[in-house]
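See structure below.
What you are looking at is a predicted structure, and each value in this text was computed from that prediction instead of being measured. All chains are named by letter (A, B, ...) in the order of the sequence lines, taking the proteins before the strands, and each is independently numbered beginning at 1.
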There are 2 protein chains.
Amino acid sequence: MRRSEFWLQALRQGGYRLTAARRAVVRVLAESEHTLTPAEIYQAGRRFYPALGLVSVYRTLEKLEELGLVQRVHRAEGCNTYFPSAEGHQHVLLCRRCQQAVFFSGDDLEPLVGRLQAETGFRIERHWLQLFGLCSACREKEEKDDE
Amino acid sequence: MRRSEFWLQALRQGGYRLTAARRAVVRVLAESEHTLTPAEIYQAGRRFYPALGLVSVYRTLEKLEELGLVQRVHRAEGCNTYFPSAEGHQHVLLCRRCQQAVFFSGDDLEPLVGRLQAETGFRIERHWLQLFGLCSACREKEEKDDE
DNA sequence: CCCTTATTGAAAAGATTTTTCAATAAGGGC
DNA sequence: GCCCTTATTGAAAAATCTTTTCAATAAGGG
Ligand SMILES: [Mn+2]
Ligand SMILES: [Mn+2]
Ligand SMILES: [Zn+2]
Ligand SMILES: [Zn+2]
């Protein structure tokens, strides 16, 4: 099943109605390979549903986040971009130029977490890990710019 | 040398004047063990210098960040808290209840980064790592609340 | 002790997000 | 299919947070 269909179904099961506004937001974000701001989702969404309001973008994001389907992605330049949530324990690798986002897994923080719990007395409950760099397409473009 | 003295000296060397507003911000943030918002710095700063303006807090944070002395700390509840910068390669462990922040080092992400560069074609340049939990004091308080 | 000018706080402006509200339409029950 | 209830909508207003403007002030080199 496509991710957007799954999201629509999850919204329904969460007791929410399926509206044109929600369909537009889901269509834009569920299939995106890039993190998107509310304003970007709004712009893109209006191509599918021109009456879409920015308020409904915010409201739909809120519901998708609550259902665990969407996550907020923070960056140095701004903390209001959104992306489909990881499935299972994954984090994102982000291109600083084009905002492409790729999931990865396999961080092995257990030893570190264990050691720090012992040393600091904290009970460690969660962690954020994000990797930043340049995707291969942007690396080529950047080299071209340097000439 | 105390961290606040060092910061004042660094501001001077950066070509900035030492004013009462800057001294107040430095005094509050340099010795803090907790991440602080601009509004919290403003409130605390006014106890040392009642004429302090919120604008000067923002402007001082901007300079301290530019000099690499202060870093912004992001959390789920908000992305506008500040804390002294790590020295060398360190990250922070944060208490979700009292905002206490503790530096740590020793994350070993090299193997992961190497593997992902090969797999994805990204050139990975930096990473964010933050650990969240409960400090020991807050753990006790939370247990008491549960009774 | 000047003099230049960086810096200040207050107020205004900008940017982003949330709330309010009357109109609309989703979708369960018939 | 057709109601009827009420969740949802978009526009406008309000609330928040941050930045800019500006005339007054004070830092600090000479
Ligand atoms: Mn992990
Ligand atoms: Mn690290
Ligand atoms: Zn890229
Ligand atoms: Zn704590």
Side-chain angles (χ1 to χ4, degrees), chain A residues 5 7-29 35-67 70-82, chain B residues 5 7-29 35-67 70-82:
Chain A
E5 288 165 48
W7 285 13
L8 292 174
Q9 197 175 293
L11 280 167
R12 257 325 359 249
Q13 268 161 12
Y16 298 114
R17 295 182 181 174
L18 295 187
T19 65
R22 289 179 180 158
R23 285 174 197 280
V25 170
V26 165
R27 183 162 170 190
V28 168
L29 188 55
T35 60
L36 297 172
T37 62
E40 287 167 341
I41 295 168
Y42 171 65
Q43 285 189 312
R46 291 188 77 132
R47 290 202 286 273
F48 301 128
Y49 176 54
L52 179 66
L54 178 57
V55 213
S56 290
V57 174
Y58 279 101
R59 289 189 282 221
T60 303
L61 286 171
E62 193 176 284
K63 264 119 201 142
L64 292 172
E65 213 175 352
E66 167 203 318
L67 292 168
V70 154
Q71 67 181 121
R72 194 172 184 157
V73 174
H74 303 249
R75 325 166 142 271
E77 315 76 55
C79 302
N80 52 344
T81 69
Y82 291 84
Chain B
E5 289 165 47
W7 285 13
L8 291 174
Q9 195 175 293
L11 279 167
R12 240 359 330 262
Q13 266 159 14
Y16 298 113
R17 294 183 182 173
L18 295 188
T19 65
R22 288 179 181 158
R23 284 175 198 279
V25 171
V26 166
R27 182 161 171 191
V28 168
L29 188 55
T35 60
L36 297 172
T37 62
E40 287 166 341
I41 296 167
Y42 171 65
Q43 284 187 313
R46 290 187 78 130
R47 291 202 285 272
F48 301 128
Y49 176 55
L52 178 66
L54 178 57
V55 215
S56 289
V57 173
Y58 279 102
R59 289 188 283 221
T60 304
L61 286 172
E62 195 177 284
K63 265 118 199 142
L64 291 172
E65 214 176 350
E66 168 204 317
L67 292 170
V70 154
Q71 69 182 118
R72 192 174 185 157
V73 175
H74 303 250
R75 329 168 141 269
E77 314 78 51
C79 302
N80 51 343
T81 69
Y82 291 84

Spacing of [X] atom [atom1] relative to [N] atom [atom2], expressed in whole Å:
| X | N | atom1 | atom2 | result |
| --- | --- | --- | --- | --- |
| B:Leu61 | C:dT7 | CG | C1' | 16 Å |
| A:Arg46 | D:dA11 | CZ | C1' | 12 Å |
| B:Tyr16 | D:dG28 | OH | C1' | 17 Å |
| B:Tyr82 | D:dT18 | OH | P | 7 Å |
| B:Gln13 | D:dG29 | CD | P | 12 Å |

When you check every protein heavy atom under 4.0 Å of nucleotides 16-26 of chain C, what one-letter string (B, S, -) results, 5' to 3'? SSBBB----BB
Side chains of B:Val26 and B:Leu11 in contact at under 4.5 Å (non-hydrogen atoms): yes
Does the side chain of B:Leu67 reach to within under 4.5 Å of the side chain of B:Trp7, using non-hydrogen atoms? no
For B:Arg22 and C:dT8, is the shortest distance between a side-chain N/O and OP1 or OP2 below 4.0 Å? yes
Knowing that exactly one of B:Thr81, B:Val55, B:Leu61 qualifies, which makes a side-chain contact (heavy atoms from CB on, under 4.5 Å) with B:Pro38? B:Leu61
Look only at the side chain of B:Arg12 and the backbone of B:Tyr16, and say whether a donor-acceptor pair between them is shorter than 3.5 Å. yes
Between B:Lys63 and B:Arg59, does the side chain to side chain contact (heavy atoms under 4.5 Å, CB included) criterion hold? Intermediate values first, please. CA-CA 6 Å; B:Lys63 265 118 199 142; B:Arg59 289 188 283 221; 4.3 Å; yes
What are the two closest heavy atoms between A:Leu52 and A:Tyr42, and how far apart are they? O-CE1, 3.2 Å
If you look at every heavy atom in B:Arg46 and B:Pro50, which pair is closest and at what distance? NH2-O, 3.0 Å
Per the end-axis method with five pairs at each terminus, what is the bend angle of the helix from C:dC1-D:dG30 to C:dC30-D:dG1, to 10°? 50°
Touch check for A:Tyr42, heavy atoms < 4.0 angstrom, all strands: base, sugar-phosphate only, or nothing? nothing
List the atom pairs, donor and acceptor, that lie under 3.5 Å between side-chain atoms in residues 18-25 of chain B and the rest of the protein, sequence neighbours left out.
from    : atom 1 : to      : atom 2 : distance (Å)
B:Thr19 : OG1    : B:Arg22 : N      : 3.2
B:Arg22 : NH1    : B:Arg17 : O      : 2.8

